[in-house]
Amino acid sequence: MTGENIAVFELNQALNDSVKALGIESIDAEFERPKHEGHGDRAANAAMRLAKTLKSNPRDIAQKISDKLLSIKPDFIEKTEIAGPGFINVFLSGKFYADVITDILRQGKDYGGVNLGRKRKIQVEFVSANPTGPLHIGHGRGAAVGDSVARILEFTGWDVQREYYVNDSGLQITNLGKSTQARYFELLGKKAELPENGYKGAYLYDIAREIINLEGDKFLNVNPDESLDYFKKYTADKIMAGIREDLELFRVKFDKFFPEGYLHENNLVNSAMNELKAKGYAYENDGALWFRTEETIGDDKDRVLIRANGIPTYYASDIAYHRNKFITRNFERVIDVWGADHHGYIARMKAAVKAMGRNPDDFTVLLIQLVNLLRDGQIVTMSTRSGEFITLREVLDEVGVDASRFFFLMRRSDSQLDFDLDLAKKEGSENPVYYVQYAHARISGILREYANRGGTFDTEILNGGIPSAIFDNKDARELADSLSRYPDAVKEASRDLAPQVLTGYVLNLAGIFHSFYNTNRIINEPDESIKAGRISIVKAAKTVIASCLQLLGVNAPERM
RNA sequence: GCGCCUGUAGCUCAGCGGAUAGAGCGUCGGCCUCCGGAGCCGAAGGUCAGGAGUUCGAAUCUCCUCAGGCGCGCCA
């Protein structure tokens, strides 16, 4: 029960008990929020859903359920109405809302932390950018999403491990080493060309310069093949260190950095391939090793695991890596956060998961779509080919961590995102992140002022002392209602791995708070019991906003 | 060619089987003798891309068409 709102739970329970009273098995009847004001505070369509099995008029059924509901929970329900084709519209009482608030204050920061995970092991692997260049804006979005998803899963009772897969071996690192090497030679006046798929970014000049400072020209006259390992390692380590710095600045922490090299050093790729062969999922042809993707997932063709030259493909290492996650480390679920350009790869990885004897549904890929940076309403063009891109660091320096994270999390991750740099910097209600943070700071200011004036928080309120009359006000009711639905928002975000549910929720909540503030005097309220009641509502709102922002990795400032 | 995703108000997007399709921004008009105006209130604005079906009911499910994006390497 932890995390749920007791009042909401009791109300739902009453609905289900009312349905059962008709002599029907439970149908998991639920209340929803009606769109229109006249339709009450909650509505249930249970009667319509039961009409067929009961072979009866939905409005008659609705009447029976409604009567029962009223008799079970008279103190929570002001009145009910049967409307339209058979909706049961419920108008909730002040007592209900008062109970909602007291329960939030009792639970404090645990409120909303519904235990869906039951301590099961889950891994979130994200960012995993190759150490070939600084993190760009797309990685930033992946970092924000992965980190927030991990926070949400932790809050909802999963045993979460955050991991970064470091692609520190393979062709591209060789390319990277050769690129730095070429810049090194170039700076020392020796003619050198970038390799065919070399990295053109200016940062490699910086690294080459560092190497010159450290080692001088000692590599100038030795065979480049002999010094290549040095250039590879120095460059990758240097870039990885920069990536770690950026992540720290972005408030993203990992439990483990898993190097690809570990798989090769421990022969795990070979053993994974042998297992596939033994189970009949892989076969040799034309000197290469192939996975039967055509047969297992209806792919166009089978895919190569080990090239004819003996070098394993990325697919092969990835299979070994995921085998390590699922089998060796025994994660119940594995979540990978990938760039959207990899979506063709999902089915193949699921096939591999199946081949290792695990349910492909235990493996989820979150795709991160493109971010369009906007300045002056224009898209800031980026080109990875030319090596010109906006780095995450540049954006953080310009608009800050809070605004960046909030903006990255405003849309579902698999749809494109317009990131308006000018908007992210504005200090006004047009800027969503300031709007929400301002609500939190405003409440903090009110509570500070309350304390300055000698106000104390009366714990009697926790024993049902919030006067119901407070909720005669529409804004007060709206506010309590929104707060009562926080656990549902958290559950949805956790089940769907969808932080944008929470950005949407907290934006809406902040708006409702601001309206409430404009129509309800708080510390200037002359009636002491009403004042105390309003203080408790405001405290509950602060608790929920702070909780929600924490799940997004955004600060909840006391003043701003 | 095959496959996946998207098309909802001027703009950015919610809603994904239920009652008169919502929000923010932008536009226009209001609100500070009082707790944080980084705020609030109101108005205008829509053949839910188009068409056909499924049903008591479709923006939501199915099929077709159109438009945009992406993916289909012994790349990663």
Side-chain angles (χ1 to χ4, degrees), chain A residues 32 34-36 38-39 43 45 48-49 51-52 58 83-87 89 128 130 132 167 170-173 175 197 260 285-290 298-318 338-348 367 369-370 372 374 377 410-412 414-420 423 426-439 441-450 452-453 455 475 500-501 503-504 507-508 510-511 513-525 531 534-535 538 559-560:
Chain A
E32 55 185 27
K35 287 182 208 152
H36 300 283
H39 295 153
N45 64 356
M48 281 131 75
R49 287 169 57 200
K52 245 174 212 154
F87 287 101
N89 292 338
S128 300
N130 299 330
T132 55
N167 205 273
L171 278 179
Q172 41 154 6
I173 298 295
N175 250 325
N197 290 310
E260 184 194 353
N285 190 30
D286 293 339
L289 184 70
W290 302 73
D299 207 348
D300 305 343
K301 49 174 285 196
D302 289 342
R303 305 289 167 174
V304 171
L305 293 162
I306 311 280
R307 302 179 181 94
N309 64 10
I311 299 173
T313 60
Y314 191 87
Y315 187 30
S317 333
D318 243 356
W338 293 351
D341 52 337
H342 291 71
H343 88 73
Y345 197 66
I346 297 176
R348 265 177 264 168
L367 290 180
Q369 258 293 359
L370 203 83
N372 291 315
L374 299 180
M410 277 199 298
R411 306 273 171 259
R412 41 182 305 143
D414 60 357
S415 67
Q416 289 194 12
L417 171 73
D418 287 337
F419 189 135
D420 188 330
L423 178 61
K426 273 187 194 158
E427 299 189 349
S429 59
E430 322 93 296
N431 183 350
V433 64
Y434 276 95
Y435 186 74
V436 173
Q437 289 185 314
Y438 179 65
R442 200 178 206 186
I443 294 171
S444 306
I446 293 163
L447 295 176
R448 263 197 309 277
E449 181 61 19
Y450 178 65
N452 284 343
R453 295 188 193 178
D475 293 317
Q500 81 278 1
V501 170
T503 44
L507 270 166
N508 182 260
F513 166 74
H514 288 309
S515 297
F516 169 81
Y517 175 82
N518 265 269
T519 49
N520 290 270
R521 276 186 295 182
I522 302 165
I523 55 185
N524 283 342
E525 165 62 43
K531 184 205 284 191
R534 291 201 179 126
I535 288 285
V538 158
R559 35 165 63 93
M560 53 195 284

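Chain identifiers are assigned alphabetically (A, B, ...) following the order of the sequence lines, protein sequences preceding nucleic acid strands; residue numbering begins at 1 within each chain. Because the structure is predicted, anything quoted here is derived from the model rather than measured.
Summarising the geometry, the separation between CG on A:Asn175 and C1' on B:rC75 is reported as 11 Å, rounded to the nearest angstrom. Remark: P of B:rC72 and CG of A:Leu367 are 13 Å apart, rounded to the nearest angstrom. At whole-Å resolution of the value, CG in A:Leu374 and C1' in B:rU12 are 10 Å apart. We find that CG of A:Leu305 is positioned 15 Å from C1' of B:rA76, with the value rounded to whole Å. We find that CE of A:Met48 is positioned 8 Å from C1' of B:rG57, with the value rounded to whole Å. Across the protein-nucleic acid pair, A:Asn372 atom CG and B:rC11 atom C1' stand 14 Å apart, rounded to whole Å. Following rounding to the nearest Å, A:Asp420 (CG) and B:rG26 (P) show an atom-to-atom distance of 11 Å. Atom OH in A:Tyr517 sits roughly 15 Å away from atom P in B:rC32 (whole-Å rounding).
Contact check for A:Leu171 versus A:Tyr314: no side-chain heavy atoms found under the 4.5 Å cut-off. Side chains of A:Phe87 and A:Met48 form a contact here, defined as non-hydrogen atoms less than 4.5 Å apart. By the 4.5 Å heavy-atom criterion applied to side chains, A:Trp338 and A:Ile346 are counted as neighbours. At least one side-chain heavy atom of A:Tyr315 sits less than 4.5 Å from a side-chain heavy atom of A:Arg348. Taking 4.5 Å as the limit, some side-chain heavy atom of A:Phe513 sits within range of a side-chain heavy atom of A:Val538. You'll find the side chain of A:Leu417 stays beyond 4.5 Å of the side chain of A:Gln369, heavy atoms only.
At the heavy-atom level, A:Ala441 lies under 4.0 Å from base atoms of the strands shown. Counting non-hydrogen atoms under 4.0 angstrom, A:Met410 reaches nothing in the nucleic acid. Residue contacts for A:Asn167: at a heavy-atom cut-off of 4.0 Å it reaches the sugar-phosphate backbone alone, with no base atom in range. Among the atoms of the strands shown, only primed sugar atoms or phosphate atoms (P, OP1, OP2) are found under 4.0 Å from some heavy atom of A:Arg303. Heavy atoms of A:Arg448 sit under 4.0 angstrom from at least one base atom. Heavy atoms of A:Asn520 sit under 4.0 angstrom from at least one base atom. Among the atoms of the strands shown, only primed sugar atoms or phosphate atoms (P, OP1, OP2) are found under 4.0 Å from some heavy atom of A:Glu430. Within 4.0 Å (heavy atoms only), A:Asn89 reaches at least one base atom of the nucleic acid. Across all strands shown, A:Gly504 has no heavy atoms under 4.0 Å from either base or sugar-phosphate atoms.
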For RNA chain B, the dot-bracket notation using Watson-Crick and G-U wobble pairs below 3.5 Å, [ ] for pseudoknot-type crossings and | for other-strand pairs, is (((((((..((((....[...)))).(((((.......))))).....(((((..]....))))))))))))....
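If you take atom C1' in B:rG26 and the same atom in B:rC13, they sit 14 Å apart, rounded to whole Å. Distance noted for atom C1' between B:rC28 and B:rG45: 12 Å (whole Å).
Other residues, nucleotides and ligands contribute over 12 non-hydrogen atoms within 6.0 Å of the CZ atom of A:Arg453.
Of the candidates B:rC34, B:rA76, B:rA19, the closest approach to any side-chain atom of A:Pro34 belongs to B:rA19. Side-chain proximity of A:Ser415 to B:rA38, B:rA14, B:rU12: nearest is B:rA14. Nearest to the side chain of A:His39, among B:rC74, B:rA19, B:rG36, sits B:rA19.
Glycosidic torsion of B:rC32 falls within 90° of 0, placing the base in syn.
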Polar pairs (N or O, both sides) under 3.5 Å between protein and nucleotides 68-71 of chain B?
from, atom 1, to, atom 2, distance (Å)
B:rC70, O2, A:His343, NE2, 3.4

Could you write out each protein N or O paired with an N or O of nucleotides 40-46 of chain B at a distance under 3.5 Å?
from, atom 1, to, atom 2, distance (Å)
B:rC40, OP1, A:Tyr435, OH, 2.4
B:rC40, O4', A:Asn518, ND2, 3.0
B:rC40, O3', A:Ser515, OG, 3.3
B:rC41, OP1, A:Ser515, OG, 2.7

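Across all non-hydrogen atoms, the minimal contact from A:Ile306 to A:Pro312 is CD1-CB, 3.8 Å. The shortest heavy-atom contact between A:Trp290 and A:Asn285 is NE1-O, 3.0 Å. The heavy-atom pair separating A:Met410 from A:Pro432 by the smallest distance is SD-CG, 3.8 Å. Between A:Ile535 and A:Leu447, the closest heavy-atom pair is CG2-CD2, 4.1 Å. In plain terms, the two heavy atoms of A:Val304 and A:Ala288 that are nearest each other are CG1-CB, 4.4 Å.
Under 4.0 angstrom from either OP1 or OP2 of B:rG24 there lies no side-chain N or O belonging to A:Arg411. An OP1 or OP2 oxygen of B:rC75 is reached within less than 4.0 angstrom by a side-chain nitrogen or oxygen of A:Arg307. Side-chain N/O atoms of A:Lys301 include none lying less than 4.0 angstrom from OP1 or OP2 on B:rC2.
A stacked arrangement is assigned to A:Phe87 and the six-membered base ring of B:rA19, with a centre-to-centre distance below 5.5 Å and an interplanar angle below 30°.
When the nearest nucleotides of RNA chain B are assigned to A:Gly428 and A:Leu171 by heavy-atom distance, the more 5′-ward of the two goes with A:Gly428. Each of A:Ile443 and A:Gly287 lies near RNA chain B, and the nucleotide nearest A:Ile443 is the one positioned closer to the 5' end.
Test A:Thr132, A:Asn197, A:Asn130 against A:Gln172 for side chain to side chain donor-acceptor pair (under 3.5 Å) and you get one pass: A:Asn130.
At a cut-off of 3.5 angstrom, the base of B:rA76 holds no donor-acceptor pair with the side chain of A:Asn197.
In this structure, CG on A:Leu305 lies 5.5 Å from OG1 on A:Thr313, to the nearest 0.5 angstrom.
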